[in-house]
Amino acid sequence: MPSNDARTLLHTAVPTAVTGLIAVGVAAGIEGGKGAIGAAVATLVVILFMGIGLVVLQRTAKQYPHLFQAMGMLLYTTQLLLLFVFLMVFKNTELFDPQVFALTLVVATLVWVTAQARAYMKAKILYVEPGESEATGAREPRKTGSTT
């Protein structure tokens with residue numbers, strides 16, 4: 001994984017994990033153990049789903065830039081379907097509090113998206129590959145005219 005991609009993943013996963021830890025603490029204080037488990041599971045779901053999605057989308061952008069937009073839509077749809085399946089499997093669970101799970105899921109997702117947007121705005125990503133002109137055999141632009 002290139003350094004920009006790893007940096008983006010780090011700058012999005014860490015704030016989400018911190019938010020999850022805060023949610024676990026708050027949920028444990030309000031709802032007890034089941035609330036804490038619900039917050040922890042929701043945080044893990046967000047980090048896994050969004051992290052895998054980010055990695056897949058970045059690799060697609062590098063290898064198949066013409067498929068980037070379609071892959072983004074497919075990935076978003078797949079994430080929603082997987083979340084729906086997860087919710088159906090744990091619909092009537094007694095393992096964790098579903099309300100805490102849902103609230104933490106929404107908050108963690110908002111933190112992830114906000115952190116990802118901030119990471120992309122702060123990243124210094126080149127628009128043109130630096131060695132591209134040598135690889136294609138193109139000449140470097142020369143300065144013409146007088147400097148006086």
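Below, all heavy atoms of this structure are taken into account, side chains as well, without hydrogens, waters or symmetry copies.
- Distance CG/L54 to CZ/R59: 11.0 Å, rounded to 0.5 Å.
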* Could you give me the CA-CA distance, side-chain angles and deciding distance for L9 and Q58, then say whether side-chain contact (heavy atoms from CB on, under 4.5 Å) is met? => CA-CA 10 Å; L9 187 60; Q58 287 175 339; 5.8 Å; no
Tabulate below the donor-acceptor pairs under 3.5 Å that side-chain atoms of residues 95-109 make, not counting sequence neighbours, or state none.
{"from": "D97", "atom 1": "OD1", "to": "Q99", "atom 2": "N", "distance (Å)": "3.1"}
{"from": "T104", "atom 1": "OG1", "to": "V100", "atom 2": "O", "distance (Å)": "2.8"}
{"from": "T109", "atom 1": "OG1", "to": "L105", "atom 2": "O", "distance (Å)": "2.7"}

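- Of all non-hydrogen atoms in A27 and G35, the two that sit nearest each other are CB-O, 3.3 Å.
- Separating the CE atom in M50 from the OG1 atom in T12 is a distance of 8.5 Å, to the nearest 0.5 Å.
- Here I52 contributes atom CD1 and L57 contributes atom CG; the two are 13.5 Å apart, rounded to the nearest 0.5 Å.
- Between L110 and T114, the closest heavy-atom pair is O-OG1, 2.8 Å.
- Listed here is the closest heavy atom pair of K34 and E94: NZ-O, 2.9 Å.
- By the rule that hydrophobic residues join a cluster once side-chain heavy atoms approach within less than 4.5 Å of another member, V55 and W112 end up as members of one cluster.
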Give the table of side-chain donor-acceptor pairs shorter than 3.5 Å for residues 64-88, with sequence neighbours excluded, one pair per line with atom names and distance.
{"from": "T77", "atom 1": "OG1", "to": "M73", "atom 2": "O", "distance (Å)": "2.9"}
{"from": "T78", "atom 1": "OG1", "to": "L74", "atom 2": "O", "distance (Å)": "2.7"}
{"from": "Q79", "atom 1": "NE2", "to": "F49", "atom 2": "O", "distance (Å)": "2.8"}

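- For the atom pair L21 CG and T16 OG1, the distance stands at 11.0 Å (nearest 0.5 Å).
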